[in-house]
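Right, one structure below, let's go through it.
All heavy atoms count here, side chains included; hydrogens, waters and symmetry mates do not.
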Amino acid sequence: MFRLKWLWKYMGNKRHLFVIGMILSAVTSSMLIINPMLSQKLIDEVITPQNTTLLLPLLGAMMVVQLVRLVLRYVMVICLEKNSQQMIDDVRRKMFDVIQNQDHVFFNRIRTGDLMTRMTNDLDMIRHSLAWISYVSVDSIVIFVVTLIYLLVVDWKLTLCLAAITPFILIITRIFSKIIHPMYVNLRERLSSLNTVAQENIAGNRVVKAFAREEFEKEKFDEKNRQFRDVNLKTTYVGVKFNPVIDLLSQLLTIITLLAGGLFMMNGELTAGEMLAFSSLTWALATPLKNLAMIINDIQRFSASSSMIIEIFYSQPTIVQHASAKEPDHRLRGDIRFENVNLKLGKNQVLQDINLHVPAGKTLGIMGTTGSGKTSLINLLNRFYDVTEGCVSIDGIDVREIPLSTLRRSVSMAMQDVFLFSDTVEGNIAYGNTEMTFDEVRACAKAADADGFINRMEDGYDTLIGERGVGLSGGQRQRISLARALAMKPSILVLDDTTSAVDMETEKYIQHQLRNLPFPCTRVMIAQKVSSVQDADEIIILDEGKIIERGTHEELLAQHGYYYGIWALQNSVEEVDPLGS
């Protein structure tokens, strides 16, 4: 019932089309008994008494009824199809909106392949339910009920003989429903797993080839494919076993009509016309009963698919814009403060007692071992995560009190793991600011030292970049990513090991450009190389979520700690412990 209410809600302003379609379905289904009624009159009042007066009117009426029914049926299909397509269009857009507003926790929980299955197969199943299952169900119910009433009026004894089969069909259908539902849920999960394996393999094809794991990936895909096939076959076998039973019981209706109807005719209780009406309408009782198996089958598939869609619809992100958030009355200057910040993700304590101040326009360098919390620290700035304790503020405003869109436009990030869209070079750089002029795009590319190699490409800034930047080197992708971050003209620029794949000369050029940006900007730089952060106004060293060292380049060298050890290794100073012990 909840799923039906959900569907009704998202039909929106196209509900009237669904209602019209259902009414026309009921009307056209009811009209199916008119011609058998007229046939009864034709036999009993025209052919048997050889009275030709009513012959042409009856034949004409039968033709008109059939023509009207066909026209109404056409209108019904158009209404239901238009309603289902519009509804799925709205649901798909709403679903995409919901996914866009989710946070890291959501994407860590639900696999990409599973999301793609929900956006395609599951939505198509819902559309199929609206456009087909709904009217077939109404057709079957109305035909069965109207036919049953008409036959009861004609001869209640024969009708009750036919109706005696119905309880057996309903019992078998109920058993089938209980068996098939969990099987369709399992089938849906297998399809999701299959899509996930395919998606991961396609996205990571270069890694697969680099490690020569093609055969392993083929075997893994084959295994998921076999599992999906086996569950699909098992589900089909259940339906195949069930359908003959329903068909057999349905065919009994014809046998009962011939046997019982023949006896009634011989006893003078049934006319030839009435017998013809019964014979003509036996299918009207049998077909809905046969359709019942197919309807139950599709309803169970709809139930499994709609559950997956509804789960997405009602997923609530942990990072939400607070009701008290207000738009700042000025451009954020970029004054950053971390006050007694603690961050816990699940059971893991990621950051502990972080106290930090980065004045507007200054540069902060962050170094530390892998897993020390560097990226988690900067993810607090744009609220990819929220602090467990403490406060992160920009210009004295708690980041939770700044509208999310404003906050994330003000904090621009260039990451080590670069994602580029299947678009032109210009489109990728101007991704966050589509109103940029070409000169502005090129200025950002020059600041990231990307203009040179872009101009050497076949179509320059109009060159189409393959998915995820395929066709570019790691350093080229990083420089385009940096240009994209600069294009936002942010108040805070976060660079997460952005120059790790570029040579020393390029890195020096980029560092010079970053110190002389044409707009005010606070810079936060995560790096593994001392050369990337040595000119920062302050450098902090993280270890196990704590700040263990802080100061300028010269101050940290004087401490002879972790920073000094890394500097010594990278500058070939002998006999130095990189951990500073």
Side-chain angles (χ1 to χ4, degrees), residues 327-339 341 354-367 374-375 377-384 390-403 405-415 429 432-433 436 440 443-449 479 481-499 507-527 529-542 547 549-556 563:
E327 194 73 34
D329 55 6
H330 62 278
R331 181 183 187 272
L332 294 177
R333 295 181 296 107
D335 186 271
I336 304 169
R337 283 188 183 274
F338 288 77
E339 299 177 272
V341 167
I354 301 296
N355 287 280
L356 184 63
H357 178 218
V358 186
K362 299 297 182 179
T363 300
L364 172 71
I366 305 175
M367 296 185 70
K374 303 184 296 295
T375 301
L377 181 70
I378 62 172
N379 281 340
L380 294 175
L381 282 174
N382 55 13
R383 292 192 67 203
F384 281 171
C391 175
V392 177
S393 64
I394 299 176
D395 294 357
I397 308 171
D398 191 319
V399 292
R400 290 167 292 192
E401 299 301 321
I402 302 174
S405 58
T406 301
L407 177 65
R408 290 173 179 171
R409 284 197 304 267
S410 300
V411 181
S412 189
M413 305 184 75
M415 313 301 288
I429 294 175
N433 184 6
M436 293 179 68
E440 290 174 321
C444 292
K446 287 181 177 179
D449 196 29
R479 280 179 275 173
S481 173
L482 176 57
R484 179 170 61 191
L486 293 174
M488 293 291 291
K489 296 182 180 178
S491 302
I492 299 171
L493 177 63
V494 177
L495 308 177
D496 189 353
D497 223 0
T498 307
T499 57
E507 182 184 19
K508 288 181 180 178
Y509 174 84
I510 292 174
Q511 294 293 342
H512 173 75
Q513 294 295 318
L514 292 177
R515 287 192 295 271
N516 296 278
L517 293 173
F519 54 87
C521 179
T522 303
R523 294 162 291 277
V524 179
M525 306 176 66
I526 295 177
K529 295 187 292 186
V530 170
S531 59
S532 298
V533 297
Q534 64 183 11
D535 293 329
D537 298 288
E538 184 178 22
I539 304 166
I540 62 171
I541 309 299
L542 287 174
I547 298 177
E549 297 177 27
R550 67 197 312 161
T552 63
H553 173 70
E554 291 76 15
E555 290 170 346
L556 291 176
Y563 184 84

Hey, mind stepping through His357 and Phe338 against ring pair (Phe, Tyr, Trp, His ring centres under 6.0 Å) and telling me if it holds? CA-CA 6 Å; His357 178 218; Phe338 288 77; over 10 Å; no

Side chain to side chain contact (heavy atoms under 4.5 Å, CB included) for Val399 and Leu380? Distances and angles first, verdict last. CA-CA 9 Å; Val399 292; Leu380 294 175; over 6 Å; no

Start with the C-alpha gap between Glu440 and Lys489, add the side-chain angles, then the distance that decides, and say whether side chain to side chain contact (heavy atoms under 4.5 Å, CB included) holds. CA-CA 11 Å; Glu440 290 174 321; Lys489 296 182 180 178; 4.0 Å; yes

Run the side chain to side chain contact (heavy atoms under 4.5 Å, CB included) check on Val411 and Ile394 step by step: do they pass? CA-CA 10 Å; Val411 181; Ile394 299 176; 4.1 Å; yes

Can Val494 and Met525 be said to form a side chain to side chain contact (heavy atoms under 4.5 Å, CB included), step by step? CA-CA 6 Å; Val494 177; Met525 306 176 66; over 6 Å; no

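Residue Ile429 holds its CD1 atom at 10.0 Å from CG of Leu486, rounded to the nearest 0.5 Å. Here Ile541 contributes atom CD1 and Lys374 contributes atom NZ; the two are 9.5 Å apart, rounded to the nearest 0.5 Å. Here Glu339 contributes atom CD and Leu356 contributes atom CG; the two are 10.5 Å apart, rounded to the nearest 0.5 Å. In this structure, CG in Leu381 is found 11.5 Å from CZ in Arg408, a value given to the nearest 0.5 Å. With values rounded to the nearest 0.5 angstrom, Ile526 atom CD1 is found 4.5 Å from Thr375 atom OG1. Rounding to the nearest 0.5 angstrom, the gap separating the OG atom in Ser393 from the CD1 atom in Ile336 is 9.0 Å.
Side-chain atoms of Thr406 never come within 3.5 Å of backbone atoms of Ile402 as a donor-acceptor pair (strictly under, hydrogens ignored). In this structure, the side chain of Thr363 does not engage the main chain of Ala536 through any donor-acceptor pair within 3.5 Å. Here the side chain of Arg409 pairs no donor or acceptor atom with the backbone of Leu407 at under 3.5 angstrom. Between the side chain of Asp398 and the main chain of Arg400, a donor-acceptor pair closer than 3.5 Å is present. Not a single donor-acceptor pair under 3.5 Å links the side chain of Arg479 to the backbone N or O of Ala448. Proximity of a side-chain donor or acceptor of Thr522 to a complementary backbone N or O of Gly334 within less than 3.5 Å is detected.
Considering every non-hydrogen atom in both Ile397 and Glu401, the closest pair reads CG2-CB, 4.1 Å. The two residues Ile492 and Cys521 have their closest heavy-atom pair at C-SG, 4.2 Å. Smallest separation of non-hydrogen atoms from Arg515 and Asp535: NH1-OD2, 3.2 Å. Closest approach of Ile539 to Gln534, counting heavy atoms only: CD1-CA, 4.2 Å. Of all the heavy atoms in Pro403 and Pro328, the pair that sits closest is CD-CD, 4.4 Å. In plain terms, the two heavy atoms of Ala485 and Pro490 that are nearest each other are O-CD, 3.7 Å.
Looking at heavy atoms from C-beta onward, Cys444 lies in side-chain contact with Met436 at the 4.5 angstrom threshold. Contact annotation: the side chain of Arg550 never approaches that of Tyr563 to less than 4.5 Å [non-hydrogen atoms, C-beta and beyond]. For the pair Ile366/Leu377, a side-chain contact is recorded, criterion being any heavy-atom separation below 4.5 Å from C-beta on. Contact check for Ile540 versus Glu549: no side-chain heavy atoms found under the 4.5 Å cut-off. Within the 4.5 Å cutoff, no side-chain heavy atoms of Leu495 are placed close to those of Arg523.
The existence of a salt bridge linking Lys362 and Glu538 is excluded, since no basic side-chain nitrogen approaches an acidic carboxylate oxygen closer than 4.0 Å. With salt bridges taken as basic N to acidic carboxylate O contacts below 4.0 Å, none links Asp335 and Arg333.
A donor atom on one side chain and an acceptor atom on the other are not found under 3.5 Å apart for Asp537 and Thr552.
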